[in-house]
Chemist: 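I'd like to ask some things about the structure below.
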There are 2 protein chains.
Amino acid sequence: MAEETVSAALTLKDIAREAGVSLATVDRVLHNRPGVRPDTVRRVQETIARNAFQPHVAAAELARGRARRFAFVMPSGPNPFMQQIEAYLGEMSAWLLARRLSVEMVATDVFDPSVLAASLDALSGDYDGIAVVALDHPGVRVAINDLVEAGTKVVTLVSDVPSSRRHHYVGIDNIAAGRTAGALVGRLVGQKSGKIAIIAGSQGLRDHAERIFGFNQVMASEFSHLDILPLLEGRDEDGRSEQLISRLLGKHPDIIGLYNVGAGTQGVAKALTEAGREKQIVFIAHDLTAMTRKLLLQGTLDVAISQNPGHEARAAVRVLLSLARNEPILSEQEKIRIDILMRDNLP
Amino acid sequence: MAEETVSAALTLKDIAREAGVSLATVDRVLHNRPGVRPDTVRRVQETIARNAFQPHVAAAELARGRARRFAFVMPSGPNPFMQQIEAYLGEMSAWLLARRLSVEMVATDVFDPSVLAASLDALSGDYDGIAVVALDHPGVRVAINDLVEAGTKVVTLVSDVPSSRRHHYVGIDNIAAGRTAGALVGRLVGQKSGKIAIIAGSQGLRDHAERIFGFNQVMASEFSHLDILPLLEGRDEDGRSEQLISRLLGKHPDIIGLYNVGAGTQGVAKALTEAGREKQIVFIAHDLTAMTRKLLLQGTLDVAISQNPGHEARAAVRVLLSLARNEPILSEQEKIRIDILMRDNLP
DNA sequence: GGTATTTTGAGGTACGCAACTCATTTTGAG
DNA sequence: CTCAAAATGAGTTGCGTACCTCAAAATACC
């Protein structure tokens, strides 16, 4: 009778034996520690590659002892989107605890570059990884690069700083989001012709500017028969947005579409319903909140374009963890999709 | 100077001390082993709860030694959707290896209840968890229940068997998907009136039947001015679907909307373009493949309703793993969304 | 009361790796 | 060839849990 061939998973010891070196040397190679001849490094790495060896993540985690600390740098003040991210992190607490990970929230004024940069500087050295809702500004870029230089893993969240050396961006392509909004407005107004209104928080916000850009791109190239009204800026405030839209509706009885790029959706909706035109005007906005959900079900809001905040929170944690462990990232998994939410596919 | 308060994570030893029992007893409680007085069990559990203690997953994983084995029971034959799931599992191979997990594919005729049930029976005892694309049939239900009874974790994938004792379902709500399709057709045809065509693989397939149900529901309640043509059955084959649609288009010059419930989208698209009516007719189908992607970009297909196969593959693995570890499941994370994909939000 | 049974304690081993020390060997420069 | 520096080997310890054995204590039963 043949002996049973037990294909037990390989261990570092097996790699050491096969490469003809000691465990200590394999360990040095694996962690880029100095004191190994380039020749030997190659030999060990080849053995690892040939056997498709992966260190047992549980053993590695257990052996390193210290827990990993991550920080989420988020805007201060009451921002529903950010509050959702925080809530989803809370839902993960058992998951985090079982892995001995700690995630701390750091609130700061992310809209002031020097304040944000100072906040980031202050975190240096204390954390293994940092997720930050960042403004794209030279000072912030430098602060991020300093963190990376010091060995901290950095992930930008929701808003990217592409010119920095951050390891990863967790968020959507806002130009594509704007294009999606444009295509939906154009398609949903049907054969009618008329005016399209567009309101944003501010053109100075990178994500808003990008959405507007994508929106205009599609409107110009595919729905040029529609008349786009000049952009309004509502500063993401309900009151101001309502005022602006009310006035606009009064002036233009032939508005058939409305795109709200940023927050303040409640104000916009109020203006629409008070004018009694919520059924005639195609209304598209961003993000799924309790309020936009209600508006979708009522029919006031036709489409909500959304990025899943739960997914973003979890993806940021997973990416930071993979980076800290020197594990490959499942890019498909961590990519944030542009969700088109209508009444019937509400999650 | 005050001593530093090191808040090291709790261990089983700490729980044992605080509960006034030995490590062995805590272990017995934690793993539901017999030989502990109910009174003591409660005391230990309370201590665990009071401290929000979570066993260190890495230590637990390392200590148990044996690797976990999972099986994916999938339809045999060339099914692009299933091939995608397989491909995504392949992308996870490093991730799986690092956790010493093995995932094996088992192809079978999932459309024959007795064959499927026999396949499931044959797997009993060999696996820690099984994900299965299951037919909803009494024989299959029994096979699933037997597996659960024997301690195997079972997850239904894409197609559910709600009456069984499976631990979890990874897939979408197909009624909601049909409703979404209906709402989109209704909205996108605009003010026009005319006929709506609908073609499915077979009404006998549970997912198809559910989508049709949802679709008709919305059409009846909200777009009753549209004339729904009798359902065609294309058996998910391109050739047959093309024939059926060609004939239908010839008979009805006033078709303005078309919903393909199942596969065979290529055939349907061919019939549309050969009739030269791909721009006039709103066309909605399911799933994102290389082909539907092309059709979306061309404008032949207006919307693809999709469930992310990568997400489904990963969610199934994660859920099986969490179940095997007796860990809580992050339900938000594992919920599969109904994706509305248009040209501008293609992933 | 004594005996059988149940419950609990004490302790050990193993899992695979990180991180470290110290001794030894090899290499390279002069 | 000599000596210093670099490279490598050999070994230890500890991480927190699972799983096991055996003895001791507590309890139940008659």
Side-chain angles (χ1 to χ4, degrees), chain A residues 6-45 47-48 51 53-68 97-101 128 151 324-327, chain B residues 6-45 47-48 51 53-68 97-101 128 151 324-327:
Chain A
V6 181
S7 85
L10 293 179
T11 71
L12 278 182
K13 210 177 351 179
D14 301 313
I15 298 297
R17 186 160 18 81
E18 185 170 331
V21 298
S22 74
L23 249 170
T25 300
V26 175
D27 183 70
R28 291 182 182 110
V29 172
L30 213 57
H31 300 93
N32 305 312
R33 281 189 254 274
V36 187
R37 243 177 308 159
D39 186 51
T40 312
V41 171
R42 196 160 26 78
R43 192 149 42 95
V44 172
Q45 283 175 338
T47 309
I48 289 177
N51 296 33
F53 171 78
Q54 286 276 126
H56 194 321
V57 64
E61 207 58 28
L62 189 56
R64 71 187 300 279
R66 332 170 256 124
R68 298 181 199 276
L97 185 57
R99 286 156 187 76
R100 300 299 186 267
L101 303 175
D128 300 285
R325 286 179 176 168
N326 267 327
E327 244 183 350
Chain B
V6 181
S7 86
L10 293 179
T11 71
L12 280 181
K13 211 177 349 179
D14 301 312
I15 298 298
R17 186 161 17 84
E18 185 170 331
V21 298
S22 74
L23 246 171
T25 300
V26 176
D27 183 70
R28 290 180 183 113
V29 172
L30 213 56
H31 299 93
N32 304 312
R33 282 190 253 274
V36 185
R37 243 177 308 161
D39 187 48
T40 312
V41 171
R42 194 158 27 76
R43 191 150 39 95
V44 172
Q45 283 175 338
T47 310
I48 289 177
N51 295 318
F53 171 78
Q54 287 276 123
H56 193 321
V57 61
E61 207 59 28
L62 188 58
R64 72 187 299 278
R66 324 168 265 122
R68 298 182 199 276
L97 185 58
R99 286 156 186 77
R100 299 300 185 266
L101 303 175
D128 300 286
R325 286 179 175 167
N326 268 328
E327 241 183 352

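Order of the sequence lines fixes the chain letters, A, B, ..., with proteins taken first and strands second; residue numbering starts at 1 for each chain.
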Chemist: Do any side-chain nitrogens or oxygens of B:Arg37 fall under 4.0 Å of OP1 or OP2 in C:dT6?
Modeler: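 Checking B:Arg37 against C:dT6: no side-chain N or O falls below 4.0 Å of OP1 or OP2.
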
Chemist: Measuring from the side chain of B:Leu12 (C-beta onward, heavy atoms only), which nucleotide among D:dG9, D:dA18, C:dC17 has the closest atom?
Modeler: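 From the listed options, D:dA18 comes nearest.
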
Chemist: Between B:Arg43 (side chain) and B:Ala19 (backbone), is there a donor-acceptor pair under 3.5 Å?
Modeler: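 Yes, because the side chain of B:Arg43 sits within donor-acceptor range (under 3.5 Å) of the backbone of B:Ala19.
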
Chemist: Closer to the 5' end of DNA chain D via nearest nucleotide, is it B:Phe53 or B:Ala24?
Modeler: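 Here B:Phe53 is the residue nearer the 5' end.
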
Chemist: List for me each residue that meets side chain to side chain donor-acceptor pair (under 3.5 Å) alongside A:Thr11, sequence neighbours excluded, and say none if there are none.
Modeler: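 Once residues adjacent in sequence are excluded, the partners of A:Thr11 under the side chain to side chain donor-acceptor pair (under 3.5 Å) criterion are A:Asp14.
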
Chemist: Using OP1 and OP2 only, check whether a side-chain N or O of B:Thr40 sits under 4.0 Å from C:dT8.
Modeler: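 So the side chain of B:Thr40 is within the cut-off, an N or O lying under 4.0 Å from OP1 or OP2 of C:dT8.
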
Chemist: Taking only Lys NZ, Arg NE, NH1 and NH2, and the carboxylate oxygens of Asp or Glu, determine whether A:Glu61 and A:Arg100 approach each other closer than 4.0 Å.
Modeler: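 So A:Glu61 does not pair with A:Arg100 through a salt bridge.
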
Chemist: Classify the nucleic acid contact of A:Gly35 as base, sugar-phosphate or nothing, counting any heavy atom under 4.0 Å across all strands shown.
Modeler: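 Counting heavy atoms under 4.0 Å across all strands, the contact made by A:Gly35 includes a base.
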
Chemist: Show the nearest heavy-atom pair for residues B:Val36 and B:Val41, with the distance to one decimal.
Modeler: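 Shortest heavy-atom contact: CG1-CG2, 3.6 Å.
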
Chemist: Just how far, in rounded Å, is C1' of C:dG16 from CD1 of A:Ile15?
Modeler: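 Computing the A:Ile15:CD1 to C:dG16:C1' distance gives 13 Å.
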
Chemist: Between atom CG in B:Leu97 and atom P in C:dG16, what is the gap in whole Å?
Modeler: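 After rounding, the gap between these two atoms is 13 Å.
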
Chemist: With hydrogens left out and only the distance checked, is there a donor-acceptor pair under 3.5 Å joining B:Arg100's side chain and the base of C:dG16?
Modeler: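 Flag unset: no donor-acceptor pair detected.
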
Chemist: Separation of B:Lys13 atom NZ from D:dT17 atom P, in whole Å?
Modeler: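 It is 10 Å, rounded to the nearest whole Å.
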
Chemist: To the nearest Å, how far apart are A:Asp39 CG and C:dT26 P?
Modeler: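 Interatomic distance, CG of A:Asp39 to P of C:dT26: 15 Å.
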
Chemist: Send over the distance from A:Asp14 CG to C:dG16 P, rounded to a whole Å.
Modeler: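 Going from CG in A:Asp14 over to P in C:dG16 covers 9 Å.
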
Chemist: What parts of residues 56-64 of chain B reach DNA chain C, counting only heavy atoms under 4.0 Å away?
Modeler: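 Within this stretch, B:Leu62, B:Ala63 sit under 4.0 Å of the strand.
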
Chemist: Passes side chain to side chain contact (heavy atoms under 4.5 Å, CB included), B:Val29 versus B:Thr40? Steps please.
Modeler: CA-CA 9 Å; B:Val29 172; B:Thr40 312; 5.7 Å; no

Chemist: If I take atom CG in residue B:Asp27 and atom P in nucleotide C:dA10, what distance separates them, rounded to the nearest angstrom?
Modeler: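 So the CG-P distance, B:Asp27 to C:dA10, works out to 15 Å.
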
Chemist: Quickly work out the B:Leu10 CG to D:dC15 P distance and round it to whole Å.
Modeler: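 Taking atom P of D:dC15 as the reference, CG of B:Leu10 is at 15 Å.
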
Chemist: Got a minute to check which stems DNA chain C is part of, using Watson-Crick or G-U wobble pairs under 3.5 Å, three or more consecutive?
Modeler: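 Stems for DNA chain C, defined as runs of 3 or more consecutive pairs: C:1-30 with D:1-30.
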
Chemist: How long is the span from the OG1 atom in A:Thr25 to the CG atom in A:Leu12, to the nearest 0.5 Å?
Modeler: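 With rounding to 0.5 Å, OG1 (A:Thr25) is 12.0 Å from CG (A:Leu12).
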
Chemist: Could you check A:Leu30 against B:Arg28 and say which one's nearest nucleotide on DNA chain C is further toward the 5' end?
Modeler: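 Its nearest nucleotide being more 5', the pick is B:Arg28.
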
Chemist: Got a second to check how far A:Gln54's CD is from B:Arg99's CZ, nearest 0.5 Å?
Modeler: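 CZ of B:Arg99 is found 9.0 Å from CD of A:Gln54.
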
Chemist: Please report the closest heavy-atom contact between A:Arg64 and A:Arg68, naming both atoms and the distance.
Modeler: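 Here A:Arg64 and A:Arg68 meet closest at CD-NH2, 3.2 Å.
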
Chemist: Which nucleotide sits closest to the side chain of B:Arg66: D:dG9, D:dC19, C:dG9?
Modeler: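 Of the candidates, D:dC19 comes closest.
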
Chemist: Do B:Ile15 and B:Leu30 have side chains that approach each other closer than 4.5 Å (heavy atoms only, starting at C-beta)?
Modeler: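 Of all side-chain heavy-atom pairs linking B:Leu30 with B:Ile15, none is under 4.5 Å.
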
Chemist: State, with a plain yes or no, whether a side-chain heavy atom of B:Thr47 is found less than 4.5 Å away from one of B:Val21.
Modeler: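 A side-chain contact is absent here, since even the closest heavy-atom pair is not under 4.5 Å.
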
Chemist: Can you find a side chain N or O atom of A:Thr25 that sits less than 4.0 Å from OP1 or OP2 on D:dA7?
Modeler: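 No, no such contact exists.
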
Chemist: Return whichever of B:Val21 or A:Arg33 has its heavy-atom-nearest nucleotide of DNA chain C closer to the 5' end.
Modeler: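 Per heavy-atom nearest nucleotide, the more 5' residue is B:Val21.
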
Chemist: Between C1' on D:dA18 and CG on B:Asn326, what's the gap in Å once rounded to a whole number?
Modeler: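 After rounding, the gap between these two atoms is 14 Å.
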
